Every structure is written in C-alpha cells, then in structure tokens.
Number of protein chains: 2
Amino acid sequence: MTRNVRIALVDDHTLFRTGLRGLLSQRDDFEVVADVGSGEEFIELLPTIDVDVVFMDISMPGMDGAEATRRALQLRPELRIVTLSMYGDDHYYTLMMECGASGFLLKDSDIDEVYAAVDTTMAGDSYFSSALLGSLTRNMSRLSSGIEEEDDDALSDREIEILVEVCRGLSNQEIADKLFISKRTVDKHRANILEKTGCKNTANLVVYAIKNRLVEI
Amino acid sequence: MTRNVRIALVDDHTLFRTGLRGLLSQRDDFEVVADVGSGEEFIELLPTIDVDVVFMDISMPGMDGAEATRRALQLRPELRIVTLSMYGDDHYYTLMMECGASGFLLKDSDIDEVYAAVDTTMAGDSYFSSALLGSLTRNMSRLSSGIEEEDDDALSDREIEILVEVCRGLSNQEIADKLFISKRTVDKHRANILEKTGCKNTANLVVYAIKNRLVEI
DNA sequence: GGAGAAATAAGTAAAAATACTTATCTCTTG
DNA sequence: CAAGAGATAAGTATTTTTACTTATTTCTCC
C-alpha cells in the first residue's frame with residue numbers, strides 16, 4: 001500500500017485553514033501534518049516534520065508566501081508547493097512560479113481542484129486553477145507571437161517585496177530592519193520601483209500596488 | 001425537540017465557503033440552507049428560503065456585504081447577520097453594525113467562535129470576535145465616559161479634500177498651491193488627518209482613504 | 001451675540017524620502 | 001568563462017514630511 005500524502009497548510013486565516021483541513025481529511029490518503037498561520041512558523045517547523053505538499057497563502061503578515069516558498073525549497077527542494085491566492089493576477093502567478101511553486105490555486109476554486117492539485121503535483125506535474133487558463137494562454141500566445149516585449153519595467157521579486165512593505169506603511173529603515181539589509185539598499189530599490197512604475201511618490205505607489213493587486217486591502 | 005438552526009453562507013471564495021460548510025455540519029443542530037458567492041445571489045435567493053443566521057463576507061465583487069445586509073434586513077428584519085471579515089478594522093466594524101449586522105467575526109477566528117456566534121445571535125444577543133474586544137472596549141469606554149464625543153474622529157470637509165489630493169500624489173506644497181492656501185496649513189491639516197485616522201504616514205492614509213471610499217481607484 | 005468648531009498660518013527641529021552617482025557580489029545563461 | 005541582471009551598499013545634497021506649539025479669522029448654531 002502506498003503511504004499517505006503529507007500535507008501542510010500555511011495561511012493566516014485560521015478559519016480558512018480549519019475548513020480546508022476538514023475538506024482534505026475527506027480523502028483518507030491525505031494527512032495534514034502541519035497547520036500554521038505564518039511563513040515564519042512554517043520555516044521553523046519544517047525541519048521537524050515530513051511533508052509532501054504545501055498549500056501556501058501569498059499575503060500573510062510578516063514573511064509572505066513568496067519568501068516562505070523560497071526558503072522552504074532551499075531546505076527541502078523536493079517539496080511541492082501549491083500557491084493559494086485570492087487573485088489570479090499575472091504578477092502573483094509569475095512571482096510564485098519564479099519562487100519555485102508547483103501549482104497555483106484560486107481561493108474560489110472548488111474542492112475537487114484542491115484534490116486535483118495534490119494528485120497532480122505529487123505525480124511531479126504542475127497544477128493551475130482552471131480559472132487561470134485564460135490569462136495564461138494569453139501570456140503564452142504573447143510570448144510565442146514573437147513580439148518578445150520583455151516588459152523592461154516588470155518589478156523584480158525583491159522590488160515587489162519592498163513595495164508590499166511600503167504599502168503597509170513601513171519606513172525604509174523599518175523595511176531594512178525587517179529584511180536584514182541596509183536602509184540605503186531599500187532607498188535604492190524604492191527609487192528603482194518609482195522609476196519602473198512611473199510613480200512619483202508613496203501615494204502613487206500604494207495606488208499602483210493596489211491596482212495591480214500586489215497588495216490586498 | 002427544537003428545530004435546527006438554518007444557516008446561509010455568503011462569500012465569494014468557494015473554497016472558504018465549502019470549508020466553513022463542512023465545519024458547520026459538525027454540529028447536527030445546524031443546517032446550511034444556502035451557500036452563495038455574491039450579495040446579488042443571496043438577495044435573489046432569500047425570498048425562497050427559510051434562514052436564521054447569515055454569515056456574510058464584506059468584500060465581494062458586485063454587491064458588497066454592507067449593501068447585501070441592508071437589503072436582506074429590509075426583506076427579513078428578523079435575520080441574524082454575522083459579518084465575516086479579514087480585518088478587524090474599526091471602519092468595517094462600524095459600517096456593518098450600522099447596516100444592522102448582529103455579529104462580527106474575523107476570518108482568523110477558530111471554529112468555536114463560529115459556533116458561539118450562531119448560538120449567541122440565535123439567543124438574540126450580538127457576537128464579536130474576541131480579537132476585536134480590545135478596540136471595542138476602547139470605543140465603549142469612550143462612549144460611556146459621558147463625553148458624548150460624537151465621533152470626534154470624523155474628517156472635516158476640508159480634511160477630506162486634502163486627503164484626496166494626498167492620495168493623488170500631490171505634495172503638501174502642490175496641494176497648497178492648488179487650494180490657494182499656505183503649505184503650513186496643509187501641513188497642519190495633514191497632521192490632523194493622521195491623528196484622526198490613526199494613520200502613521202502617507203501609505204497608511206492612501207489605504208485608509210480607499211477602504212473608506214474617499215477616493216476611487 | 002457669544003461659544004465652539006473649522007480653517008487658516010507660522011516657528012522650529014528632527015526624521016524621512018528623493019535624486020543623483022558609483023561599486024561590489026552573486027547568480028544565471030549563453 | 002564571460003556577460004548581464006539583480007541585490008547589495010554607500011556618499012552627498014535637497015526636498016518633503018512629521019512632531020511639537022500657538023494664534024487669528026471665519027463660520028455656524030443655540
């Protein structure tokens with residue numbers, strides 16, 4: 001007999017986690033081995049547990065899903081991490097895929113998609129919410145159409161990370177402390193973000209970030 | 001024997017709804033009689049069903065939770081509506097209470113709070129997430145202290161005018177020029193706005209303004 | 001007509017952001 | 001292994017915001 005799939009849940013909404021846990025337990029070949037509310041907790045717990053598939057929320061207070069995914073995969077490259085997001089935004093999708101996620105599920109998926117995500121990623125493939133297919137194929141066709149528009153102004157992962165903290169109201173110094181880098185580096189990132197986004201100041205940035213669904217309000 | 005409590009779920013995230021439904025079904029005196037993804041759907045469905053308690057999300061595409069609550073209570077004043085929110089924000093809380101909600105639950109509550117919310121509201125009382133108690137008692141004591149300060153924190157028209165310009169990304173000097181007043185006056189207004197809204201800086205202000213619908217993005 | 005609220009204005013000082021530049025280090029990719 | 005991109009860091013100078021305070025004028029409301 002095959003052993004159970006060991007699943008971890010990382011999401012800051014306890015109720016959502018509890019609900020998902022209940023839904024997952026309906027499959028008796030699934031076993032939820034971790035159920036935590038933050039990226040930090042998960043990274044701390046990871047060395048002590050055996051996990052196959054992680055459902056990872058993107059927006060969480062403190063360490064977000066992107067950073068947690070990166071760190072988790074450094075520790076355990078064989079982990080299958082499935083992103084759980086409110087929005088099927090290109091930016092989020094790209095960010096998480098670049099961080100090494102194996103799947104992307106919208107929170108308004110139905111439970112069959114969750115099961116499918118586990119089964120598919122366990123088989124070594126990637127899984128995406130069916131609702132995402134439209135926007136994905138759009139991107140694909142754009143890429144294959146040869147226009148190759150490289151979007152020079154796309155924010156890097158780190159820049160997005162900085163921008164999210166800016167939107168939370170942290171000063172550059174506070175962001176520096178939080179990310180363990182120099183304030184001057186944050187200054188530089190922020191200047192680059194302003195340049196790339198065509199924004200003039202903080203107020204513009206927050207509006208930009210919200211419009212582009214980089215932060216949820 | 002008492003009859004079951006009939007519950008409706010209104011939330012745009014299918015997965016969350018399904019999870020919550022599962023959790024609620026563990027109480028065999030509860031019965032989920034509606035499970036919809038938007039305010040419109042709920043209002044449409046309401047005349048055809050018997051409901052006691054509604055769990056209502058605030059932010060939904062289309063008709064939001066506030067509007068749906070108002071309309072539902074017009075149709076059925078005896079409904080007990082419990083708000084489900086990501087945030088324990090004063091503003092959201094006040095808004096929903098003004099719309100007639102009987103309870104306010106954070107999405108990171110645990111399931112016992114959900115059960116408690118049903119039981120409490122069915123008994124005719126109001127229920128609030130324990131995480132909210134801090135900010136609520138603060139408000140209560142302010143009210144009961146007899147000062148009768150009718151929401152001292154309401155922004156004046158001029159302050160709202162300033163805030164809107166801030167959100168557009170104008171500097172205080174630019175706002176001053178635009179409104180034909182001194183930059184120092186704008187400074188002062190801005191400081192008062194920060195104080196009243198409890199914000200720390202521009203980023204917070206923009207988020208506040210958007211949440212409070214003072215600006216559209 | 002007087003009380004109180006709101007808008008106006010200013011001084012001073014400190015903190016933060018912005019505009020420039022340059023220079024490593026690391027990682028990926030051809 | 002070389003090239004390029006991204007993250008890191010720092011110098012310097014200017015502009016902007018923020019935190020304190022006080023004071024005058026112009027409203028409206030009772």
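Letters go in sequence order (proteins before strands), and every chain restarts at 1. A quick note: this is a predicted structure, and the numbers were derived from the prediction, not measured.
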Nearest-angstrom distance from the residue atom [atom1] of [X] to [atom2] of [N]:
{"X": "A/R190", "N": "D/dT17", "atom1": "CZ", "atom2": "P", "result": "12 Å"}
{"X": "A/N201", "N": "D/dT18", "atom1": "CG", "atom2": "P", "result": "11 Å"}
{"X": "A/N192", "N": "D/dG6", "atom1": "CG", "atom2": "P", "result": "10 Å"}
{"X": "A/H189", "N": "D/dA5", "atom1": "NE2", "atom2": "P", "result": "16 Å"}
{"X": "B/K183", "N": "D/dT18", "atom1": "NZ", "atom2": "P", "result": "11 Å"}
{"X": "A/L155", "N": "D/dG6", "atom1": "CG", "atom2": "P", "result": "11 Å"}
{"X": "B/L205", "N": "D/dT16", "atom1": "CG", "atom2": "P", "result": "18 Å"}

Atom [atom1] in [X], atom [atom2] in [Y]: separation rounded to 0.5 Å?
{"X": "A/R190", "Y": "A/E165", "atom1": "CZ", "atom2": "CD", "value": "11.5 Å"}
{"X": "A/D177", "Y": "A/L170", "atom1": "CG", "atom2": "CG", "value": "9.0 Å"}
{"X": "A/L9", "Y": "A/T14", "atom1": "CG", "atom2": "OG1", "value": "11.5 Å"}
{"X": "B/F128", "Y": "B/T120", "atom1": "CZ", "atom2": "OG1", "value": "10.0 Å"}
{"X": "A/L73", "Y": "A/L46", "atom1": "CG", "atom2": "CG", "value": "9.5 Å"}
{"X": "B/F16", "Y": "A/L23", "atom1": "CZ", "atom2": "CG", "value": "11.5 Å"}

Would you classify B/D187 as touching base, sugar-phosphate or nothing, given that sugar-phosphate means primed atoms plus P, OP1 and OP2, and contacts are heavy atoms under 4.0 Å?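 B/D187: base contact, heavy atoms under 4.0 Å.
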Base, sugar-phosphate, or nothing for B/T185, non-hydrogen atoms under 4.0 angstrom? base
Begin with the C-alpha distance, continue with both residues' side-chain angles, and end with the deciding distance and a verdict on salt bridge (Lys or Arg N to Asp or Glu O under 4.0 Å) for A/R3 and A/D50. CA-CA 12 Å; A/R3 67 157 178 70; A/D50 270 337; over 6 Å; no
Within a strict 4.5 Å, meaning less than it, do heavy atoms of the A/R27 and A/I7 side chains meet? no
Heavy-atom side-chain proximity of B/V164 to B/C167 below 4.5 angstrom: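 The answer is no, as the side chains (C-beta and beyond) never meet within the 4.5 Å cut-off.
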First and last nucleotide of DNA chain C touching chain B, 5' to 3', heavy-atom cut-off 4.0 Å?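 Counting from the 5' end, contacts occupy C/dA6 to C/dT12.
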Salt bridge between A/K107 and A/D11, side-chain N to carboxylate O under 4.0 Å? yes
Between A/E174 and A/K178, does at least one N-O distance fall below 4.0 Å, as a salt bridge requires?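 Result for this pair is no, no salt bridge flagged.
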Strictly under 3.5 Å: I want the nitrogen or oxygen pairs between protein and nucleotides 11-14 of chain D, one per line.
unit_1, atom_1, unit_2, atom_2, d
D/dG11, N7, A/R184, NH1, 2.7
D/dG11, N7, A/R184, NH2, 3.2
D/dG11, O6, A/R184, NH2, 2.9
D/dT12, O4, A/R184, NH2, 3.2

Given A/I193, which of A/I160, A/V166, A/I162 fulfils the side-chain contact (heavy atoms from CB on, under 4.5 Å) condition?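 Testing each of A/I160, A/V166, A/I162 against A/I193, the sole residue satisfying side-chain contact (heavy atoms from CB on, under 4.5 Å) is A/I162.
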Helical bend (five base pairs per end, nearest 10°) for the helix from C/dG1-D/dC30 to C/dG30-D/dC1: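 Here the local axes at opposite ends form an angle of 60°.
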What parts of residues 171-181 of chain B reach DNA chain D, counting only heavy atoms under 4.0 Å away?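 Close to the strand are B/S171, B/N172.
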Applying salt bridge (charged side-chain N to carboxylate O under 4.0 Å, His left out), which residue pairs with at least one partner in residues 16-26 of chain A are found, sequence neighbours left out? A/R17-A/D35, A/R21-A/D35
Has B/S129 got a side-chain atom pairing as donor or acceptor with B/L105's backbone, closer than 3.5 angstrom?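 Here the side-chain-to-backbone pair does not exist.
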State whether the side chain of A/T121 and the backbone N or O of A/V118 hold a donor-acceptor pair below 3.5 Å, judged by distance alone.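 Flag set: sc A/T121 to bb A/V118 pair under 3.5 Å.
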Let's go through B/V186 and B/L179 carefully: what are the C-alpha distance in whole Å and the side-chain angles of both, what is the deciding distance for side chain to side chain contact (heavy atoms under 4.5 Å, CB included) to 0.1 Å, and is it a yes or a no? CA-CA 9 Å; B/V186 180; B/L179 301 182; 5.7 Å; no
Between N or O atoms, less than 3.5 Å apart, protein on one side and nucleotides 22-27 of chain D on the other: list the pairs.
none

